[in-house]
**Q** 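Quick one: this structure, given as structure tokens, is what I'll be asking you about.
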Amino acid sequence: MSNNPSFLRVESLGKRYLPAAPPVFENVSFDIAQGEFVCIIGHSGCGKSTILNVLAGLETASEGVAFMANREIAGPSLDRGVVFQGHALMPWLSVLDNVAFAVKSRHRDWTRQQVVAHAWRFIEMVGLSGSEHKKPSELSGGMKQRVGIARAFSIEPKMLLLDEPFGALDALTRGVIQDELLKICAATRQTVFMITHDVDEAILLADKILLMSNGPRARIAEAVVNPLPKHRSRAGMHHDPQFYPLRNHLMDFLVHRSRQLTPT
């Protein structure tokens, strides 16, 4: 895990949708260092996606504030790339043009040749060479998500926000893309904030795992530092003696403690 000072800082974040209703979450505070991969886990309704949307600048918090690189987040920015569970590709554009569209939004003064060369680099990075001229309708679900990841990385954001991007994929495809994501993050030292419901996925990917109690009035109950070696693999991490104690701790939180921490 990075020893750099906080790159992202969230202070006392809260969200309520109706004045008379209790907040979905409150007093949410955490830090992410530059180059750190952080996963957040919690049951549906605790506000994980709302927190991610606040970090993306797509939604405003009712209270609290979030800073990235010492600047308050106050709206969308190309400095933050977002990948949702739905790929959100433009169906009339090819793989190459979907990624190139994002590149052009970042580099408006580049020539078509420069844009294509840059987009091609990230298409190769996610293993889609040979499919660059296909339309989304010709791609599998896993390939569409790879395009979404390539598009998000192609703008070279300072931070990547992932909202359960692999949730709808079969286990084999999910594993392959997880491996690709690990390689890309290792190569680029990308800072990542990711929502997942999959404990094993969090252990594989994350340097730190944030555990959220149930809503309403959800909060960050615990920040768990991943003790497994940084360069781990799906095939090998189960053999690490620290894996099952960590997994059991996370599962115990989800099954028992997250509910017990919920205010009455």
Side-chain angles (χ1 to χ4, degrees), residues 1-3 7-8 30 32-44 46 48-49 51-52 55 81-85 87 122 125-128 140-146 148-150 152-153 157 159-212 220-255 258:
M1 186 172 66
S2 172
N3 292 319
F7 173 70
L8 179 91
F30 60 89
I32 299 178
Q34 191 160 15
E36 192 174 29
F37 198 126
V38 172
C39 281
I40 187 166
I41 291 179
H43 290 290
S44 297
C46 69
K48 302 183 302 299
S49 291
I51 293 171
L52 183 142
L55 299 183
V82 187
V83 181
F84 295 106
Q85 186 169 336
H87 52 80
F122 291 91
M125 195 176 283
V126 298
L128 284 177
S140 67
M143 293 171 78
K144 290 174 185 175
Q145 281 303 82
R146 288 184 186 212
I149 292 169
F153 272 98
M159 185 167 189
L160 192 64
L161 304 168
L162 306 175
D163 192 351
E164 292 193 83
F166 315 134
L169 304 177
D170 64 85
L172 183 59
T173 302
R174 185 183 187 119
V176 170
I177 302 182
Q178 286 169 346
D179 289 343
E180 294 293 339
L181 181 62
L182 280 173
K183 290 177 187 175
I184 297 170
C185 288
T188 60
R189 290 198 49 76
Q190 181 70 56
T191 306
V192 183
F193 177 81
M194 177 176 174
I195 295 171
T196 181
H197 280 104
D198 188 322
V199 166
D200 288 350
E201 180 170 77
I203 295 172
L204 173 65
L205 298 175
D207 300 308
K208 183 169 64 184
I209 303 164
L210 304 178
L211 305 179
M212 281 199 79
I220 302 291
E222 188 178 349
V224 180
V225 175
N226 192 338
L228 273 67
K230 176 74 173 175
H231 300 291
R232 50 193 171 268
S233 66
R234 285 181 297 120
M237 69 178 184
H238 304 84
H239 301 295
D240 191 297
Q242 300 174 99
F243 173 78
Y244 284 105
L246 173 60
R247 190 178 194 277
N248 291 341
H249 181 81
L250 300 179
M251 290 300 299
D252 178 65
F253 175 84
L254 289 173
V255 174
S258 62

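Every value quoted in this text rests on a predicted model; they were computed, and no experiment measured them.
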**Q** Taking only residues two or more places apart in sequence, or in another chain, which ones meet D163 in a side-chain hydrogen bond (donor to acceptor under 3.5 Å, both in side chains)?
**A**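 For D163 the side-chain hydrogen bond (donor to acceptor under 3.5 Å, both in side chains) partners, ignoring immediate neighbours, are S49.
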**Q** Decide yes or no on side chain to side chain contact (heavy atoms under 4.5 Å, CB included) for L8 and M159, but give the supporting numbers first.
**A** CA-CA 9 Å; L8 179 91; M159 185 167 189; 3.9 Å; yes
**Q** About how many Å separate CG of L210 and NZ of K48, when rounded to the nearest 0.5 Å?
**A**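 Going from the NZ atom of K48 to the CG atom of L210 covers 12.0 Å.
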**Q** Can you tell me how far the CZ atom of F193 sits from the CG atom of L160, to the nearest 0.5 Å?
**A**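 Separation between the atoms: 12.0 Å.
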**Q** Not counting sequence neighbours, which residues clear side-chain hydrogen bond (donor to acceptor under 3.5 Å, both in side chains) with H249? List them please.
**A**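 Listed in chain order: E222, R257.
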**Q** Using side chain to side chain contact (heavy atoms under 4.5 Å, CB included) as the criterion, list what pairs up with M143, not counting sequence neighbours.
**A**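 In terms of side chain to side chain contact (heavy atoms under 4.5 Å, CB included), with neighbours along the sequence ignored, M143 is linked to L128, S131, L139, S140.
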**Q** Just how far is it from atom CE of M125 to atom NZ of K183, taken to the nearest 0.5 Å?
**A**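 The NZ atom of K183 is 11.5 Å from CE of M125, to the nearest 0.5 Å.
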**Q** What is the minimum heavy-atom distance between G142 and T173, and which atoms define it?
**A**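 Taking G142 first and T173 second, the nearest heavy atoms are CA-CG2, 3.5 Å.
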**Q** Within a strict 4.5 Å, meaning less than it, do heavy atoms of the D207 and K230 side chains meet?
**A**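 A side-chain contact under 4.5 Å exists here.
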**Q** Only counting residues at least two apart or in another chain, list the ones meeting ring-ring contact (aromatic ring centres under 6.0 Å, His included) with F37.
**A**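 Once residues adjacent in sequence are excluded, F37 has no partner under the ring-ring contact (aromatic ring centres under 6.0 Å, His included) criterion.
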**Q** Not counting sequence neighbours, which residues clear side-chain hydrogen bond (donor to acceptor under 3.5 Å, both in side chains) with T188? List them please.
**A**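 Expected list: none.
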**Q** For Q145 and P165, indicate whether the former's side chain and the latter's backbone hold a donor-acceptor pair under 3.5 Å.
**A**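 The answer is yes, because a donor-acceptor pair under 3.5 Å joins these two groups.
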**Q** Between K208 and A223, what is the shortest heavy-atom contact and its length?
**A**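 Closest approach of K208 to A223, heavy atoms only: CD-CB, 4.3 Å.
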**Q** Would you mind reporting whether F7 and I32 have side-chain heavy atoms less than 4.5 Å apart?
**A**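 No. Closest side-chain heavy atoms not under 4.5 Å.
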**Q** Apply ring-ring contact (aromatic ring centres under 6.0 Å, His included) to H43 and list each qualifying residue two or more places apart in sequence or on a separate chain.
**A**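 Partners of H43 under the ring-ring contact (aromatic ring centres under 6.0 Å, His included) test: none.
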**Q** I'd like to know if the side chain of Q190 and the backbone of P157 have a donor-acceptor N/O pair within less than 3.5 Å.
**A**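 Side chain of Q190 to backbone of P157, a donor-acceptor pair under 3.5 Å: yes, one is there.
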**Q** Side-chain contact test, heavy atoms from C-beta onward, threshold under 4.5 Å: evaluate it for F166 versus L181 and give yes or no.
**A**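 F166 reaches L181 side chain to side chain.
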**Q** Do I51 and F30 make a side-chain contact, defined as non-hydrogen atoms from C-beta onward lying under 4.5 Å apart?
**A**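 In short, these two side chains touch, coming nearer than 4.5 Å.
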**Q** Mind checking what makes salt bridge (Lys or Arg N to Asp or Glu O under 4.0 Å) contact with D179, not counting sequence neighbours?
**A**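 Result, salt bridge (Lys or Arg N to Asp or Glu O under 4.0 Å) vs D179: R234.
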**Q** Where is the tightest heavy-atom contact between L204 and R232, given as atom of each residue plus distance?
**A**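 Taking L204 first and R232 second, the nearest heavy atoms are O-NE, 3.0 Å.
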**Q** Please list, chain by chain and in numerical order, all residues satisfying side chain to side chain contact (heavy atoms under 4.5 Å, CB included) with A186, sequence neighbours excluded.
**A**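 Checked A186 against side chain to side chain contact (heavy atoms under 4.5 Å, CB included); zero matches.
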**Q** Taking only residues two or more places apart in sequence, or in another chain, which ones meet F122 in a ring-ring contact (aromatic ring centres under 6.0 Å, His included)?
**A**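 ring-ring contact (aromatic ring centres under 6.0 Å, His included) check on F122 returns H118.
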**Q** List in chain and number order the residues that pass side-chain hydrogen bond (donor to acceptor under 3.5 Å, both in side chains) with N248, two or more places apart in sequence or in another chain; answer none if no residue qualifies.
**A**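 For N248 there are no side-chain hydrogen bond (donor to acceptor under 3.5 Å, both in side chains) partners, ignoring immediate neighbours.
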**Q** Could you pull out all residues at least two apart from L246 that satisfy side chain to side chain contact (heavy atoms under 4.5 Å, CB included)?
**A**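 Side chain to side chain contact (heavy atoms under 4.5 Å, CB included) list for L246, sorted by chain: I203, V224, N226, P227, L228, L250.
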**Q** In terms of ring plane angle, is the pair Y244 and H238 parallel, tilted or perpendicular, where the classes change at 30° and 60°?
**A**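 The rings of Y244 and H238 sit tilted, inter-plane angle from 30° to 60°.
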**Q** Any non-hydrogen side-chain atom of L52 less than 4.5 Å from a side-chain atom of I40?
**A**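 When only atoms from C-beta onward are counted, I40 and L52 do not touch, as no gap falls below 4.5 Å.
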**Q** Side-chain atoms of residues 194-202: list all donor-acceptor pairs with protein atoms under 3.5 Å, sequence neighbours left out, distances to 0.1 Å.
**A**
{"unit_1": "T196", "atom_1": "OG1", "unit_2": "D198", "atom_2": "N", "d": "2.9"}
{"unit_1": "T196", "atom_1": "OG1", "unit_2": "E201", "atom_2": "OE1", "d": "2.6"}
{"unit_1": "H197", "atom_1": "ND1", "unit_2": "E164", "atom_2": "OE1", "d": "2.8"}
{"unit_1": "H197", "atom_1": "ND1", "unit_2": "E164", "atom_2": "OE2", "d": "3.3"}
{"unit_1": "H197", "atom_1": "NE2", "unit_2": "G42", "atom_2": "O", "d": "3.3"}
{"unit_1": "D198", "atom_1": "OD1", "unit_2": "D200", "atom_2": "N", "d": "3.0"}
{"unit_1": "D198", "atom_1": "OD1", "unit_2": "E201", "atom_2": "N", "d": "3.0"}
{"unit_1": "D200", "atom_1": "OD1", "unit_2": "R247", "atom_2": "NE", "d": "2.6"}
{"unit_1": "E201", "atom_1": "OE1", "unit_2": "R174", "atom_2": "NH2", "d": "3.2"}
{"unit_1": "E201", "atom_1": "OE2", "unit_2": "R174", "atom_2": "NE", "d": "3.2"}
{"unit_1": "E201", "atom_1": "OE2", "unit_2": "R174", "atom_2": "NH2", "d": "3.4"}
{"unit_1": "E201", "atom_1": "OE2", "unit_2": "Q178", "atom_2": "NE2", "d": "2.7"}

